[in-house]
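Structure, as structure tokens:
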Amino acid sequence: VLKVNKSGSTITGASAIGFWFEHKEYEKGDSYEKYSVSVDQIEKWTGFDFFVNVPDNLENVAEGNEGWSVFHDF
């Protein structure tokens, strides 16, 4: 998931978070927040490059975020 701040059509800030779930049954009420991981980590696991249209300096910071609270508060 990617959030961006924009000034006009220019992206001025970005924050991202990924979620990694095993293919299994989960307990009711289990919080998705504890399955949050960085987009960098998902890219390593999958070989995909996400958010290629975001400027590299912002993409690198956004994809390195590992915490739900940092993403949430962005």
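In this text, all values refer to a predicted model and were calculated from it rather than measured experimentally.
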Does the ring-ring contact (aromatic ring centres under 6.0 Å, His included) test come out yes or no for F21 and Y35, once each step is laid out? CA-CA 7 Å; F21 295 95; Y35 300 99; 5.0 Å; yes
Contact between [X] and [Y] at the side-chain level, heavy atoms closer than 4.5 Å - yes or no?
| X | Y | answer |
| --- | --- | --- |
| I42 | F19 | no |
| T12 | K6 | no |
| S38 | N65 | no |

Linked, directly or transitively: [X] and [Y] (ILVMFWY side chains, under 4.5 Å):
| X | Y | value |
| --- | --- | --- |
| F50 | V70 | no |
| Y32 | F71 | yes |
| F48 | W45 | yes |
| V39 | V61 | no |
| V37 | I17 | no |

If I take atom CG from residue D73 and atom CH2 from residue W68, how far apart are they, to the nearest 0.5 angstrom? 10.0 Å
Rounded to the nearest 0.5 Å, how far does CG of D56 lie from CD of E63? 9.0 Å
Over 12 foreign heavy atoms within 6.0 Å of CG, N53: no
Give the minimum heavy-atom separation between [X] and [Y], together with the two atoms involved.
| X | Y | result |
| --- | --- | --- |
| K3 | H72 | NZ-O, 3.3 Å |
| G13 | F74 | C-CZ, 3.6 Å |
| A16 | L2 | CB-CD1, 4.1 Å |

Cationic tip of K24 above Y26 ring, under 6.0 Å, 45° of axis: yes
